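Taking it in order: structure first as structure tokens, then the write-up.
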There are 2 protein chains.
Amino acid sequence: MNAGPNVPEREAPMAGWEQNHETAGMPQTSIEDLLKAVYGLEAAKKRPSTKAVADVLGVQMASVTGMVKNLAAEGLLEHVPYHGFELTAKGRELALRMLRRHRLIELFLIQTLGLGWDEVHADAEVMEHAVSDQLVERIYAYLGKPEFDPHGSPIPDSDGAVAARSGVPIAHLAAGDEGIVSEVEDEDPEFLRYLSSLGIKIGSSLRVMAKDPYGGLVRLRMGRRRISMGTEAAERVRVARSHV
Amino acid sequence: MNAGPNVPEREAPMAGWEQNHETAGMPQTSIEDLLKAVYGLEAAKKRPSTKAVADVLGVQMASVTGMVKNLAAEGLLEHVPYHGFELTAKGRELALRMLRRHRLIELFLIQTLGLGWDEVHADAEVMEHAVSDQLVERIYAYLGKPEFDPHGSPIPDSDGAVAARSGVPIAHLAAGDEGIVSEVEDEDPEFLRYLSSLGIKIGSSLRVMAKDPYGGLVRLRMGRRRISMGTEAAERVRVARSHV
DNA sequence: TTCTAAAATTAGGATTGTTGAATTTTATTG
DNA sequence: CAATAAAATTCAACAATCCTAATTTTAGAA
């Protein structure tokens with residue numbers, strides 16, 4: 001039974017509205033997005049050119065050049081003017097941290113609120129830049145230390161280690177190959193709804209019936225359903241092969 | 001079984017990192033915070049002066065003046081230079097919308113992740129500015145259309161209607177009065193931990209034993225525990241009186 | 001009424017991330 | 001090797017939000 005008087009006596013007339021953000025040290029959203037974009041391009045074996053990054057982020061090339069200079073000054077990117085840039089170890093670490101946050105948050109929203117895989121991307125995108133590490137780790141524990149997100153993508157661990165990408169794109173299979181959908185490498189809601197309309201989800205079994213070299217189509221069978229998929233789409237859906 | 005080719009063919013080498021924020025139309029964090037601060041002061045019957053708002057937000061007065069001019073131009077505040085400002089109906093609506101978001105998000109984090117009432121404020125603060133209306137309404141449904149947040153504060157409904165504040169501050173009770181803790185009007189984590197250490201939570205029954213006019217203390221009994229509380233703290237804890 | 005201190009505002013500057021309009025560099029092609 | 005198109009960069013300008021340092025206004029005390 002002790003003191004009352006030594007309570008923090010702040011001015012606080014009403015619940016839920018005091019603040020003082022403490023944004024200190026926290027990198028900006030744009031910075032984090034740029035690093036993720038560079039990481040994504042590197043992971044896809046594409047050169048992270050100014051133009052490619054600008055397209056991903058939806059900004060002008062001049063903006064990318066400007067940010068790249070800032071990030072290079074902070075040691076997150078290595079930049080040789082006119083010859084490109086790449087992540088430093090520190091930059092990659094930060095990019096993976098954001099990826100971990102994004103994937104855990106998506107999984108959390110889907111599992112608790114029953115949202116669809118096509119509905120959570122935008123919210124996860126803003127939350128990943130905003131919430132505390134504590135909250136993210138709490139989510140991780142709550143979800144039972146998951147290894148994959150709702151799209152089948154591996155969740156980097158807190159040290160930044162990330163499992164190798166699973167499976168191969170459907171587009172790389174030959175007629176007769178069978179497999180189980182292991183990952184969808186795109187979070188565009190429209191694309192995800194398209195896949196859902198075909199009955200495709202993580203874990204679906206499918207078999208390649210034929211590859212049509214002219215129309216750019218892949219013909220598949222899923223159970224007793226036959227579907228066609230454009231080559232571009234088939235590049236973005238990965239399967240773990242059951243037969244080779 | 002239909003088309004594959006008419007899928008959205010975007011460039012998307014890897015899952016979870018594309019974007020393009022669509023911040024359009026969404027008011028800025030600072031704007032929303034300022035409106036909340038003004039609402040909070042008005043609700044506490046304090047004049048929302050430039051200085052008071054600056055203190056709440058932790059910025060300089062000049063910044064407040066600048067933002068107030070912007071908000072007045074947008075019709076969210078009514079401003080008479082050198083004589084103060086107040087919320088317009090539109091401004092109040094937006095402030096209440098943010099309060100609803102904040103309280104629902106806090107409740108959600110506490111209920112799903114088992115966080116303490118002292119741990120969620122900062123995360124709720126950033127999330128309330130960031131997440132979609134859809135997500136918030138989903139949380140509302142998931143929580144079973146709650147009326148009060150974890151601190152006992154009423155959650156404004158989606159039309160901006162808010163229940164009258166319940167109870168009275170402990171400081172306003174007289175010796176011998178009894179009541180049940182209905183609301184804590186402060187989200188400072190340190191203060192909330194202090195209350196927890198005293199065993200006080202929403203729903204706790206207590207009785208005022210004595211009010212000490214010199215030391216600024218209120219002596220209480222909770223069950224068989226006797227505690228003292230500073231006047232400032234006693235102003236921030238409200239109880240529903242069981243005896244008058 | 002006059003003085004003064006507090007409150008509020010204005011002015012000017014820094015930062016960050018944008019853009020559009022040059023300009024420079026690179027790589028390719030003839 | 002020159003011409004040219006694409007990619008990258010620089011530059012000037014803008015918007016937002018913050019700051020510090022004046023300056024102006026108000027309100028209360030003498």
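The basis for the numbers below is simple: all heavy atoms, side chains too, and nothing from hydrogens, waters or symmetry mates. Throughout, protein chains are lettered first and strands after them, A, B, ... in sequence-line order, and every chain is numbered starting at 1. Quick caveat, the model's predicted, so the values are computed rather than measured.
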Test salt bridge (Lys or Arg N to Asp or Glu O under 4.0 Å) applied to B:E106 and B:R101, step by step: CA-CA 9 Å; B:E106 275 199 341; B:R101 299 177 138 245; over 6 Å; no
Rounded to whole angstroms, how far apart are CG on A:D55 and P on D:dA6? 15 Å
Nearest to the side chain of A:S49, heavy atoms from C-beta on, is which of D:dA8, C:dA8, C:dT9? D:dA8
Select base, sugar-phosphate, or nothing to describe what A:T50 touches, counting heavy atoms under 4.0 Å on all strands. sugar-phosphate
Considering only C:dT19, D:dA7, C:dT26, which nucleotide approaches the side chain of A:R47 most closely? D:dA7
B:L71 CG to C:dT9 P: how many Å, rounded? 13 Å
Considering every strand and a 4.0 Å limit on heavy-atom distances, what is the contact class for A:V59: base, sugar-phosphate, or nothing? sugar-phosphate
Quick check on D:dA16: is either OP1 or OP2 less than 4.0 Å from any side-chain nitrogen or oxygen of B:S30? no
C:dG17 P sits how many Å from A:M61 CE, rounded? 19 Å
Applying the side chain to side chain contact (heavy atoms under 4.5 Å, CB included) criterion to A:L76, which one of A:E32, A:E93, A:K90 satisfies it? A:K90
With the side chain defined as heavy atoms from C-beta on, B:Q60 is closest, among D:dC19, D:dC11, C:dG17, to D:dC19
Less than 4.0 angstrom between a side-chain N/O of A:H83 and OP1 or OP2 of C:dT26, yes or no? yes
Does any donor atom in the side chain of A:H102 or A:D149 lie under 3.5 Å from an acceptor atom in the other side chain? no
On the nucleotide C:dG17, are OP1 or OP2 found under 4.0 Å from the side-chain N or O atoms that A:N70 carries? yes
Please report, rounded to the nearest Å, how far the C1' atom of D:dT9 is from the NZ atom of A:K51. 16 Å
Given atom CG of A:L35 and atom P of C:dG17, what is their separation to the nearest angstrom? 11 Å
Rounded interatomic separation in angstrom, taking OH from A:Y82 and C1' from D:dT9: 4 Å
Just say parallel, tilted or perpendicular for the rings of A:W117 and A:H151, cut-offs at 30° and 60°. parallel
Where does the angle between the aromatic ring planes of A:H79 and A:F85 fall among parallel (under 30°), tilted (30 to 60°) and perpendicular (over 60°)? perpendicular
Atom NZ of B:K69 and atom C1' of C:dA11: how far apart are they, to the nearest Å? 10 Å
Report the nucleotide, chosen from C:dG17, C:dT18, D:dA7, that has the shortest atom-to-atom distance to any side-chain atom of A:S63. C:dT18
Between A:H79 and D:dA8, does any side-chain N or O lie under 4.0 Å from OP1 or OP2? no
Between A:M67 and B:F85, which is nearer to the 5' end of DNA chain C once each is assigned its nearest nucleotide? B:F85
To the nearest angstrom, how far is A:L41 atom CG from D:dA7 atom C1'? 15 Å
